[in-house]
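Everything on this sheet refers to the single structure shown next.
All values below were derived from every heavy atom in this structure, side-chain atoms included, with hydrogens, water molecules and symmetry-related copies excluded. Every value quoted in this text rests on a predicted model; they were computed, and no experiment measured them. Just follow the structure's listing: the first ligand is 1, and inside any ligand the first atom is 1.
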Amino acid sequence: MQIRHFLSPSDLSEAELDRLLTLASDIEENPDAYAHVCDRKKLATLFYEPSTRTRLSFEAAMQNLGGTVIGFSDASQSSATKGESVSDTIRIISCYADICAMRHPKEGAPMVAAGKSRIPVINAGDGGHQHPTQTLTDLLTIRKLKGRLDHLTIGMCGDLKFGRTVHSLINAMIVYPGVSFVLISPKELRVPDYIRKNVLQDHGIPFEEVTNLEEALPKLDLLYMTRVQRERFFNEEEYIRMKDSYILDRKKMELAPKDMLVMHPLPRVNEISVDVDDDPRAVYFKQVQYGVYARMALIMTLLGLDPKSKLS
Ligand code: NCD
């Protein structure tokens, strides 16, 4: 079987993605049917950058499938401190595990690893670049709670420059008809040029770039809030100036449509006030649960363990 990696949402065709989301829904409905699918399989989690949610979500996903997990959660616990390259590390890990999830502060590190790997490599977030498994989580959440992935006006708000979840989600959504974006950010934190040009403009996707959240709210089907990515700023003062640019609170939610979803990849800092948490439109904690199902479906798909998958 050819090794399949998952480095960017576009590594799966629209049909494969659809199949994966359907599998994730089935896992949600019949978890027991999947409890031994990965018996005797090992997932390695190679996390060179801090993470709670994503790493534990991968661990929970593999354990729910009956598999086991090895790995490290901090570069300081790995041989990277001795100067080992990612390429060498993945050659070693290929001898220990069946599949690996890698998070790295450098853009492209999981792609370099994939080039030398004998096992599927999943990009669990590379610098400010991509975070494709968060995107699977987001797609599953949208499909489940909105009932569709097409004909949506999507607001993305906050740090659109460094927010890798934003880049991956935009990449994934452009294949669905009738999707448009309202990109809400301070001028300094607008989406990178390659997203604006190569992804949005080149595919003829309608979008506007605005700075005012209140004005955008009434027209949105969903609002994707993000935190300002402190760790990617060169300068702390600049971060402090930007960090509270947008705070969604109960008052602002009055301007939003009754069925608008509020999503957030988490962790939240100040950008969503806790008084929004009880609003039925706030689905960021449900999103976390969908993330486990999405990762279970991905692990199965890449290992060729989904009987109906065309990948195997
Ligand atoms: C995101 C990430 O790591 O990019 N978090 C996550 O994986 N759920 C978002 C963030 O850190 O702001």
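For Lys42, the NZ atom sits in a loose shell: 12 or fewer heavy atoms of surrounding residues, nucleotides or ligands are nearer than 6.0 Å.
Counting protein heavy atoms only, atom 3 (O) of ligand 1 is closest to Arg164 NH2, 2.9 Å. At the top of the distance list for atom 6 (C) of ligand 1, counting protein heavy atoms only, stands Leu266 O, 3.4 Å. Annotation: atom 11 (O) of ligand 1 to nearest protein heavy atom, Arg227 NH2, 2.9 Å.
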*Taking it one step at a time, do Lys251 and Asp249 satisfy salt bridge (charged side-chain N to carboxylate O under 4.0 Å, His left out)?*
CA-CA 5 Å; Lys251 183 114 192 51; Asp249 56 17; over 6 Å; no
_Test side-chain hydrogen bond (donor to acceptor under 3.5 Å, both in side chains) on His131 and Arg103; report intermediate values, then the result._
CA-CA 9 Å; His131 192 348; Arg103 168 166 290 196; 3.1 Å; yes
_side-chain contact (heavy atoms from CB on, under 4.5 Å) assessment of Met225 paired with Tyr284_ = CA-CA 10 Å; Met225 291 296 292; Tyr284 28 91; over 6 Å; no
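Assignment of Gly291 to the shell around ligand 1 is not supported, since no heavy atom sits closer than 4.0 Å. The closest approach between any non-hydrogen atom of Pro265 and ligand 1 is below 4.0 Å.
Listed by number with element, the atoms of ligand 1 under 4.0 Å from a non-hydrogen atom of Arg103 are 3 (O), 7 (O). Set against the non-hydrogen atoms of Arg53, the atoms of ligand 1 under 4.0 Å away are 8 (N).
Side chain to side chain, Thr133 and Arg295 meet the donor-acceptor criterion of an N or O pair below 3.5 Å.
Here the CG atom belonging to Leu65 is positioned 11.0 Å from the NE2 atom belonging to His36, to the nearest 0.5 angstrom.
For the pair Gln229 and ligand 1, the shortest N or O to N or O distance falls below 3.5 Å.
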